[in-house]
Amino acid sequence: MLDWYGEHQRDLPWRRTCDPYAVWVSEIMLQQTRVDQVRPYYDRFMDRFPTVEHLGKASLEDVLKAWEGMGYYARARNLHRAARRVVDEHGGQIPDDPARISDLPGIGPYTAAAISSIAFGRDCPVVDGNVVRVLSRLFHLTDTPASSAARKRIDGLAGRLLARGRAGNFNQAMMELGAKICTPRKPRCGECPVNPFCEARKTLPDPAVLPRKKPRPQRPHHRVVAGIVRRNDEVLIVRRPTDGLLGGLWEFPGGIVGKGVDGETFLAEEMKNTLGIGIRVDRSVATLRHAFTHFEMTLQGYNCSHLQGVVRHRDGNECRWVRFEDLGRFAFPRAYRRLIEAAAKVREVREPAGST
DNA sequence: CTCCGGAGAC
DNA sequence: GTCTCCGGAG
């Protein structure tokens, strides 16, 4: 595995250093996100926040802006909180101890083991989704890794296989193998360095049936409407509560429309109730779909006009009137960013640049 | 009352 | 992947 890794590892920015902070940032970004998507974000992030101190001193607003588009924004909030703690409690040094690293928000067993082995050379086995898949096939494990017993068995195997003294490279080799060779659907068994030892390959017509997945429940579908409310040359944006879904991000006011309810009527009603303003719904800007982990939504955006009333959010959420051109400075969820793009096109048609 | 394990949220 | 919540366990 080590030889294979030495020869086939991808040249990734975070592999060019063993700076614990760099490893940490990359591992957090890599949680639930593909390497290809992470790469550009990682470079920008490290450019903007080169050290734990930089990150700790930054505002959550700035961190979220740098994270915009990657999803799972709790990762950014936790990373930011953790950086502050590293600065305050550990003098800016990331602790060289798996248990202490785990204490930091956003760092669980996987990330603690990854940082410990890669940045500090500790003999900690790393088990992420890739490793689970590799080991399930290598040892022909037929129980779903969703069960705690099966999972413990996998953790045990990972520990026994670990190349002592070279844990960092070994762990990365396992994950790399899962990412490039032992892939979920069509594994390239012919190119696998450990294929002589693979029980699944020996036993099964198709090793890809492992690991056994547990059936997923159907995702509910929500219809969401949002209003881009104009007042002179500004539009209204509202900030979501720090905790919960898309916490701390900005969006256009609106909400989930119940079944059988008229979207435009609901939108006007919602603005009245939540913000205390009267608006007129002018026209639909775009309808787009977005998938979250546990539900899907259809987002319909409308251009609206402010009629009357001073904005005052019922729940105290921060609200701002900003120039359309300045929306880029705020962190929006992906779906809303796309809505902004659509709205910008509509504007171009109606008010070509330089027309005023 | 603290400690898992499972489930669902993010 | 991690966190949070919750019921059952000790």
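Chain A is the first sequence line, chain B the second, and so forth, proteins listed ahead of strands; every chain is numbered from 1.
For A/R280 and A/S305, the side-chain atoms include at least one donor-acceptor pair closer than 3.5 Å. A/T274 and A/H313 are not linked by any side-chain donor-acceptor pair at a separation below 3.5 angstrom, with hydrogens and angles left out of the test.
A/N195 contributes atom CG, which lies 14.0 Å from atom CZ of A/R188 (distance to the nearest 0.5 angstrom). For the atom pair A/H306 NE2 and A/L275 CG, the distance stands at 10.5 Å (nearest 0.5 Å).
Ion pair A/K152/A/D155 not flagged as a salt bridge, since none of the NZ, NE, NH1 or NH2 atoms sits closer than 4.0 Å to an Asp/Glu carboxylate oxygen.
Residue-level contact check: A/G71 touches neither bases nor backbone, having no heavy atom under 4.0 Å from any strand. Within 4.0 Å (heavy atoms only), A/L30 reaches no atom of the nucleic acid at all.
Ring pair A/F292/A/F295 is parallel by interplanar angle, where below 30° counts as parallel and above 60° as perpendicular.
For DNA chain C, the outermost nucleotides in 5' to 3' order that have an atom under 4.0 Å from a heavy atom of chain A are C/dG1 to C/dC3.
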field: Test log, rule side chain to side chain contact (heavy atoms under 4.5 Å, CB included), inputs A/Q31 and A/R75
entry: CA-CA 9 Å; A/Q31 291 173 7; A/R75 293 182 298 173; 3.8 Å; yes
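A cation-pi contact, defined as under 6.0 Å to the ring centre and within 45° of the axis, is absent between A/R48 and A/F45.
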All N/O pairs under 3.5 Å across the protein-nucleotides 6-10 of chain B interface:
from: B/dG6; atom 1: OP1; to: A/S148; atom 2: OG; distance (Å): 3.2
from: B/dG6; atom 1: OP2; to: A/S148; atom 2: OG; distance (Å): 3.1
from: B/dA9; atom 1: N7; to: A/H294; atom 2: NE2; distance (Å): 3.0

